[in-house]
**Q** 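Starting off with a structure, shown below.
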Amino acid sequence: MERTFLMIKPDGVQRNLIGPIVARLENKGFKIVGAKLMQVSEDLAKTHYGEHADKPFFGELVDFITSGPVFAMVLEGDNIIKTARLVVGATNPQEAAPGTIRGDFGLTVGKNIIHGSDSLESADREINLFFEESELVDYSLINKDWIY
Ligand code: PCG
């Protein structure tokens, strides 16, 4: 089963959106295999967002993601990298469809509530960056036969 990395950003945590967002992910049928509230260090932020290092907003991005705790998650599901991005919505919340997390909760690209991996390679990289293997739990959900 495919895995992805999702992270509720400091704006989502401060706005008490952990519960509503996790509810949407669970309701969709995704399985949580790892989750933690954590403070992102400057080093981790720069590594995680390395591909944006030469963008003009890089400094702002690093300052923002380290400005307060984030809620990091690893989720599992069929074709989850693509489907989780559909649930998350477009990067710019002003272009994200209603019904998506960013479409319902966000207004600006700099404070877009949640991050989701965009490919198999970035999901692997981000999961390994944020989680130790021992933090990921191997279990099965009793509802799985009603989803698959
Ligand atoms: P994310 O976390 O999915 O991946 C890269 C992030 O860069 C993106 O979400 C946005 O939050 C952020 N981003 C993209 N464009 C801009 C911008 O113009 N300004 C700021 N501050 N952030 C941006």
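What's counted below: heavy atoms across the whole structure, side chains too, no hydrogens, waters or symmetry copies. Counting convention: from 1, in listed order, for ligands and their atoms alike.
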**Q** I'd like to know if the side chain of Arg102 and the backbone of Ile114 have a donor-acceptor N/O pair within less than 3.5 Å.
**A**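 Present.
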**Q** Please report the shortest heavy-atom distance between Arg15 and Phe105, naming the atom on each side.
**A**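 Here Arg15 and Phe105 meet closest at NH1-O, 2.8 Å.
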**Q** Against the six-membered ring of Phe64, is Lys9 placed for a cation-pi contact (under 6.0 Å from the centre, within 45° of the normal)?
**A**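 The answer is no; the distance or angle limit is not met.
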**Q** What pairs of residues pass the salt bridge (charged side-chain N to carboxylate O under 4.0 Å, His left out) test when at least one of them lies in residues 19-35, not counting sequence neighbours?
**A**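 Residue pairs passing salt bridge (charged side-chain N to carboxylate O under 4.0 Å, His left out), neighbours aside: Arg24-Asp104, Lys31-Glu76.
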**Q** Inspect the surroundings of CG in Leu86 and state if more than 12 heavy atoms from other residues, nucleotides or ligands are less than 6.0 Å away.
**A**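 Enclosed.
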**Q** May I have every N or O pair linking ligand 1 to the protein at under 3.5 Å, one per line with atom names and distance?
**A**
from: ligand 1; atom 1: 2 (O); to: Lys9; atom 2: NZ; distance (Å): 2.7
from: ligand 1; atom 1: 2 (O); to: Tyr49; atom 2: OH; distance (Å): 2.6
from: ligand 1; atom 1: 2 (O); to: His115; atom 2: ND1; distance (Å): 3.0
from: ligand 1; atom 1: 3 (O); to: Arg102; atom 2: NH2; distance (Å): 3.2
from: ligand 1; atom 1: 3 (O); to: His115; atom 2: ND1; distance (Å): 3.3
from: ligand 1; atom 1: 9 (O); to: Lys9; atom 2: NZ; distance (Å): 3.1
from: ligand 1; atom 1: 9 (O); to: Asn112; atom 2: ND2; distance (Å): 3.2
from: ligand 1; atom 1: 11 (O); to: Lys9; atom 2: NZ; distance (Å): 3.1
from: ligand 1; atom 1: 11 (O); to: Val109; atom 2: O; distance (Å): 2.8
from: ligand 1; atom 1: 11 (O); to: Asn112; atom 2: OD1; distance (Å): 3.3
from: ligand 1; atom 1: 11 (O); to: Asn112; atom 2: ND2; distance (Å): 3.3
from: ligand 1; atom 1: 21 (N); to: Glu60; atom 2: OE2; distance (Å): 2.9

**Q** Hey, what's the ring geometry for Phe5 with His115, parallel, tilted or perpendicular (30° and 60° as the breaks)?
**A**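 Taking His115 first and then Phe5, their aromatic rings sit tilted (interplane angle of 30° to 60°).
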